[in-house]
Amino acid sequence: MLVRQVAALAFLAALTFGSLGLTVGTAWYLRSNRYRESCAHRLSELLSFPAEIGRVVPRSRRTREFHAIRIWLPQRRAEIAFCQKAVLTQVPDVGTRYALELRGGKCEISTRTWLGEDYRLALESGLRAGFSLEAPLRVAFSGIDLTFSHGEFQATLADAGGTVWFDQPNLGQATATCYRLNGYSSSEPVVLSMEFTQAASGIRLTQVELSVPELPVEAVRLASLVGRAIQSGSFTGRLSCQETQSGRQLTVSGEVFQLQLAECTTGLVEPPWEGLVPQAELTGLTLLDGRPIRLGFRGLLTDLRTDRVLATWGLGDVGGRLLLRVHAAEFSPAGVDRLVVSGRAEGIPVEALARWAGRGEMTGLARVVLNDLTITQNRITSLDAQIEIRPNADQRGWIDRELLSQAFQRTVGLALPSFLPERIEYRRLGFRVDLHDGMLYVLGTHGPRGKAILSISVAGQEMPVLFEPESALDVSAPLERFRTYLTAYATASWQRLAGHGFRSNLPESITGPARE
């Protein structure tokens, strides 16, 4: 009996201490330099990049903790990533797949500082490794500084957290969230999302999208995208980058606030337009391999200097201020695909208009109300505007007969009555234009039945002397000249935006050669 008890006790002791010895031995091995180096070697093989692991700590039978992981470019030319701590846990019921948690560190994927082949190799090796049966099924990370530079798309997310999934065949997804983008802090989250696929031809980064709350324009690097020195204003919206068969495409959409218009138009129009964009929706700025192929927006432009806007047509010395509401704007390398605007201009001294229209002088202030201007494929398809000229409050309004005759002949094709004196004191001068299908309707603004265009002063009394024409005027020829001019001007401006060399081939004027 005693012998059996002693034998049983000896067997139990052997089993217990043997298991304990095996556990201690395994734990010792898992903490050894040999095991650490073997893990670093396996990681290097998986990623095709040199890798280092500073320390391995076993947490359980299914969990390992790695410290100070470093990933390098080939020949250790630069460090791709550094992680302070990584926890690897086997996921039950999925074979050899694991879940990986990364805590603290930094990671950079850059076409800006790397060699050209490094970027593609990093994508191919790092992302293809995620589809391997030996790779983590999902990766969660926190406290990571992420730098992603893909052509024009650049973003540095500080202290980011998120997840990478490889739980669908040949499809991977990732999302990262932070509250600091490119050095600018935000009270709302910045979100970077990515989607990548595996195919026989290689790994394709099919979609990268950055969603940002309202931040300074500089935080989103819009200035570098469009090649403008934009320092004012803020932006909220999305930047989306994808690889297509045509090339690398980047699209920016969202809203901008409090932009200085001169910063946006410098180098595109001469002289630059001055004014404020209090709010505008950027419906789409699209670049293909770094070159703009589409620009769409709508919004409000206020406090524009009229002379800057009209300088293109030789009216650079006109005063007054202009407000424009852009209902739709679509531009491409071909010019103006579609533009719909309305607005008004106030307090325009007509002396400069007189010099532009022809010989003679005129006094007064002009007011223009633009109800609609629609341009399609560089062609004016509709125009509805009203022009009123009134004397200054402290003086009479005068206009030379020859000047008035030339202006009306050139703009609306009307002839003045022959009985008018050489110098006319006018009381009211105004007309409305309505353009459709190349036909211009000139309508009166006052007088009997509202058909008078010009009323003069006779013996102190207001007398209408010029009325709206009975039939529409065919303005197809000047509209075609305008289309030619606008096509050349818009194409040249687009080339400037795209960074091409620029030589002006614009016609002298949409109205013909310069006057004597």
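Partners of P50 according to the side chain to side chain contact (heavy atoms under 4.5 Å, CB included) rule, which considers only residues two or more places apart in sequence or in another chain, are W72, R76. With sequence neighbours left out, E188 forms a salt bridge (Lys or Arg N to Asp or Glu O under 4.0 Å) with no residue at all. Every salt bridge (Lys or Arg N to Asp or Glu O under 4.0 Å) that E330 has, sequence neighbours left out, goes to R294. Every residue two or more places apart in sequence or in another chain that forms a side chain to side chain contact (heavy atoms under 4.5 Å, CB included) with S44 is listed here: A51. By the side chain to side chain donor-acceptor pair (under 3.5 Å) test, R325 pairs with no residue at all, sequence neighbours left out. Take D384 and apply the salt bridge (Lys or Arg N to Asp or Glu O under 4.0 Å) test, not counting sequence neighbours, and it matches R432.
Minimum interatomic distance between A329 and L339 (heavy atoms only, all atoms of both residues): CB-CD1, 3.8 Å. Q173 and F196 get closest at one heavy-atom pair: N-CZ, 3.9 Å. Listed here is the closest heavy atom pair of P213 and P189: CD-O, 3.5 Å. The two residues T163 and F141 come nearest to each other via the heavy atoms N-CE2, 3.5 Å. Heavy atoms only, all atoms of each residue included: L43 and I71 are closest at CD2-CD1, 3.8 Å. D159 approaches D145 most closely through the heavy-atom pair N-OD1, 2.7 Å.
Looking at N371, its side chain never comes within 3.5 Å of a backbone N or O of A385 through a donor-acceptor pair. At least one donor-acceptor pair under 3.5 Å links the side chain of N378 to the backbone N or O of A334. Remark: side-chain polar atoms of T236 are paired, donor with acceptor, to backbone N or O of V212 under 3.5 angstrom. Remark: the backbone N or O of D303 is paired with a side-chain donor or acceptor of R321 at under 3.5 angstrom. Remark: the backbone N or O of P272 is paired with a side-chain donor or acceptor of R308 at under 3.5 angstrom. Between the side chain of N182 and the backbone N or O of T156, at least one donor-acceptor pair lies under 3.5 Å. In this structure a side-chain-to-backbone donor-acceptor pair under 3.5 Å is present from E263 to S232. With hydrogens and angles disregarded, a donor-acceptor distance shorter than 3.5 Å links the side chain of D289 to the backbone of R248. At least one donor-acceptor pair under 3.5 Å links the side chain of T283 to the backbone N or O of G296. A donor-acceptor contact shorter than 3.5 Å links the side chain of T306 to the backbone of G320.
Taking the side chain as every heavy atom from C-beta outward, Y179 and V190 never approach each other to under 4.5 Å. Under the 4.5 Å side-chain criterion, counting only non-hydrogen atoms from C-beta, H67 is not in contact with Q84. At least one side-chain heavy atom of R55 sits less than 4.5 Å from a side-chain heavy atom of V57. Between L192 and V208, some side-chain heavy-atom pair lies under the 4.5 Å cut-off. Taking 4.5 Å as the limit, some side-chain heavy atom of L239 sits within range of a side-chain heavy atom of V220. You'll find the side chain of S240 reaches within 4.5 Å of the side chain of Q207, heavy atoms only. The shortest side-chain heavy-atom distance between L259 and C264 falls under the 4.5 Å cut-off. Looking at L210 and L181, their side chains come closer than 4.5 Å, going by heavy atoms from C-beta outward.
The environment of NE2 in H327 is crowded: more than 12 heavy-atom neighbours from other residues, nucleotides or ligands sit within 6.0 Å.
Rounding to the nearest 0.5 Å gives a distance of 7.5 Å between CG of L261 and CH2 of W273. Taken to the nearest 0.5 Å, the CZ atom of F82 stands 9.0 Å off from the CD1 atom of I144. Going from atom CD1 of I375 over to atom CZ of R338 covers 11.5 Å, rounded to the nearest 0.5 Å. With rounding to the nearest 0.5 Å, the separation of CG in L301 from CG in L322 is 8.5 Å. To the nearest 0.5 angstrom, Q249 atom CD is 6.0 Å from L288 atom CG. Here OG1 of T63 is found 8.0 Å from CG of L88. Values are rounded to the nearest 0.5 Å.
Using modelled atom types and a 3.5 Å distance limit, the side chains of E255 and Q279 yield a donor-acceptor pair. There is a side-chain donor-acceptor pair under 3.5 Å between R180 and S185.
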> Can V277 and L300 be said to form a side-chain contact (heavy atoms from CB on, under 4.5 Å), step by step?
Replying inline: CA-CA 6 Å; V277 184; L300 184 65; over 6 Å; no
> Between D337 and S332, is a side-chain hydrogen bond (donor to acceptor under 3.5 Å, both in side chains) present by the stated rule, with each step listed?
Replying inline: CA-CA 7 Å; D337 294 336; S332 72; 3.1 Å; yes
> Between V341 and L370, is a side-chain contact (heavy atoms from CB on, under 4.5 Å) present by the stated rule, with each step listed?
Replying inline: CA-CA 8 Å; V341 300; L370 182 63; 3.9 Å; yes
>> For a side-chain contact (heavy atoms from CB on, under 4.5 Å) check, start with the C-alpha distance between T251 and L285, then their side-chain angles and the critical distance, and finish with the verdict.
In response: CA-CA 5 Å; T251 301; L285 167 62; over 6 Å; no
> Are F235 and L215 close enough, and set up right, to give a side-chain contact (heavy atoms from CB on, under 4.5 Å), and what steps lead you there?
Replying inline: CA-CA 5 Å; F235 171 85; L215 285 171; over 6 Å; no
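Using a 4.0 Å cut-off between charged side-chain N and carboxylate O, E79 and R70 make a salt bridge. Ion pairing of E108 with K106 is absent here, as no side-chain N (NZ or NE/NH1/NH2) approaches a carboxylate O to less than 4.0 Å. Ion pairing between a basic and an acidic side chain is recognised when a charged N comes within 4.0 Å of a carboxylate O; R483 and E480 show such pairing.
Put simply, the residue from L373, T374, L435, L479 that forms a side-chain contact (heavy atoms from CB on, under 4.5 Å) with T381 is T374.
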